[in-house]
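Below is one structure, written out as structure tokens, with a few remarks after it.
All values derive from a computational prediction rather than experimental measurement.
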Amino acid sequence: MSALFTALTLRSLEIPNRVWTSPMCMYSAVSDGPETGVPTDFHLTHLAGRAAGGAGLVMAEATGIRPDGRITPWDLGLWNDRQQQAFSRITAAIRSYGSVPAIQLGHAGRKASVDKPWLTGGYIPAVEGGWQTVAPSPASFAGRSVPHELTVNEIQQLVRDFAESAKRALAAGFQVVELHGAHGFLINSFLSLASNHRTDAYGGSFENRLRFPLQVVDAVREVWPDDLPVFFRTSATDWLTENPEDEREGWTGDDTVRLAKELTAHGIDLLDVSTGGMVPDATIPVGPGYQVPFAARARAATGIPTGAVGLILKPAQAEEIIATGQADAVLLGRELLRNPYWPQHAALELGDEPRWPEQYGYAVQRRSKR
């Protein structure tokens, strides 16, 4: 059996293989009214389809913990009963195909209230259906509106909001919750000196900048069952400090190793390692597997299980990442949009038996033997 198609056990949860569906925003929920943020038939088809395709874990897109936490008005949310009930249908479908349902919870911070990316992608002001953005400091992203600087009381409320959404995720049937601490969104913006200019207990030193993220982790871990895992997605570098031609200071790979140690101590079970997103003009050396070394480094330095993402395209490439211990899982995004059955084809290529739904398997396997 290939390494890619061995099971992974985190706490008491067994995930059937190491090919997972990365959270991908679809911007396809209703934007206002009683159905705001509620997953639709599109989301059911999209997520259940990746499970039918053989992904061992299927993660729902970045889901707002409250209305102003959404990236766009068309994002999913998980702050009310209607949203929770609709997600229950999706988790049941994912589990029916033998996959693990997961959800990424987040707050977009200063990068919130924008248009769909295939339209303008620009900031939507309150008078046009948007809202006031919030952040650790009143520093705008890419010239958008200046965010409101969060007060300590508001920060503490956000911690409670994350925990409440996690409780709803559990009630909806999710078996894994991931906290979105990457790509310049709210949690990530507290971590990086590029966006956090505070001088109180939530800014300045490394320890202070970790305070809000770790308070969120603790609050979610407290309401999440001890036998189920919690993930954390990080941007392992802002691609600023480590670029000798860029004078700006930001989050680094060294910082990520220190963060990983803290997250392990606070009950995080897997670090989902991405990069970038803090500033729009960072120089990023994009290429196949370009983010994998950051996952490998955090894993080697701390022992925390990691997920690798970013231009992982071929089964042999994914197999090597797992077999050589660079990461414990690979999360595929666009490749699973192009081919939802990528895991099934990868299993065949690597000499394993695909995990077809029985409604497909009897026909597909019969034909393959002729």
For a quick check under 3.5 Å, do [X] and [Y] share a side-chain donor-acceptor pair by atom type?
X      : Y      : answer
Glu61  : His46  : no
Asn339 : Glu335 : no
Arg70  : Ser31  : no

Asp226, CG atom: more than 12 neighbouring heavy atoms under 6.0 Å: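 Open.
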Heavy atoms of other groups near Tyr360 OH, more than 12 under 6.0 Å: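 Counting neighbours around OH of Tyr360, 12 or fewer heavy atoms of other residues, nucleotides or ligands fall under 6.0 Å, so no.
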All side chain to side chain contact (heavy atoms under 4.5 Å, CB included) counterparts of Ala172, not counting sequence neighbours: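 Partners of Ala172 under the side chain to side chain contact (heavy atoms under 4.5 Å, CB included) test: Gln84, Phe87, Ser88, Phe174.
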Glu164/Arg66 under side-chain contact (heavy atoms from CB on, under 4.5 Å): CA gap, chis, key distance, verdict: CA-CA 10 Å; Glu164 286 301 312; Arg66 60 193 224 183; over 6 Å; no
Closest contact, heavy atoms only, [X] versus [Y]:
X      : Y      : value
Val223 : Ala163 : CG2-O, 3.6 Å
Gly54  : Arg355 : O-NH2, 3.1 Å
Gly121 : Val114 : O-CB, 3.8 Å
Leu270 : Gly307 : CD2-N, 3.8 Å
Ala60  : Pro23  : O-CB, 3.5 Å
Ala62  : Cys25  : CB-SG, 4.0 Å

Applying a strict under-4.5 Å side-chain criterion to I, L, V, M, F, W and Y, I'd like to know whether [X] and [Y] cluster together.
X      : Y      : answer
Leu271 : Ile321 : no
Leu170 : Leu179 : yes
Ile94  : Met24  : no
Val134 : Leu105 : yes
Leu57  : Tyr341 : no

So, do [X] and [Y] sit near enough that their side-chain heavy atoms are less than 4.5 Å apart?
X      : Y      : answer
Thr302 : Leu263 : no
Trp20  : Met59  : no
Arg50  : Leu337 : yes
Asp161 : Trp79  : no
Ile155 : Pro136 : no
Phe162 : Val217 : no
Gln326 : Arg299 : no
Phe232 : Ile304 : no

Intermediate values then yes/no, side-chain contact (heavy atoms from CB on, under 4.5 Å), Val309 and Arg233: CA-CA 10 Å; Val309 306; Arg233 173 164 272 199; 3.3 Å; yes
Donor-acceptor pair, [X] side chain versus [Y] backbone, under 3.5 Å?
X      : Y      : answer
Thr241 : Gly250 : yes
Arg95  : Val100 : no
Ser192 : Ser189 : no
Glu35  : Thr40  : no
Ser113 : Thr133 : no
Ser12  : Asp227 : yes

Salt-bridge present (Arg18, Glu319; N to O < 4.0 Å):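 No, no charged N to carboxylate O under 4.0 Å.
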Name of the residue among Thr256, Thr237, Asp238 meeting side-chain hydrogen bond (donor to acceptor under 3.5 Å, both in side chains) with Trp251: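 Output: one option passes, namely Thr256.
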Non-neighbouring partners of Asp246 that pass salt bridge (charged side-chain N to carboxylate O under 4.0 Å, His left out), sequence neighbours left out: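 With sequence neighbours excluded, Asp246 shows a salt bridge (charged side-chain N to carboxylate O under 4.0 Å, His left out) to Arg248, given in chain and number order.
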Arg144/Lys111 under side-chain contact (heavy atoms from CB on, under 4.5 Å): CA gap, chis, key distance, verdict: CA-CA 8 Å; Arg144 297 176 186 170; Lys111 296 178 75 174; 3.9 Å; yes
CA sep, side-chain torsions, deciding dist, call: Gln85, Arg82, side chain to side chain donor-acceptor pair (under 3.5 Å): CA-CA 5 Å; Gln85 292 163 1; Arg82 180 70 189 94; 4.5 Å; no
CA sep, side-chain torsions, deciding dist, call: Ser165, Thr63, side-chain contact (heavy atoms from CB on, under 4.5 Å): CA-CA 9 Å; Ser165 281; Thr63 299; over 6 Å; no
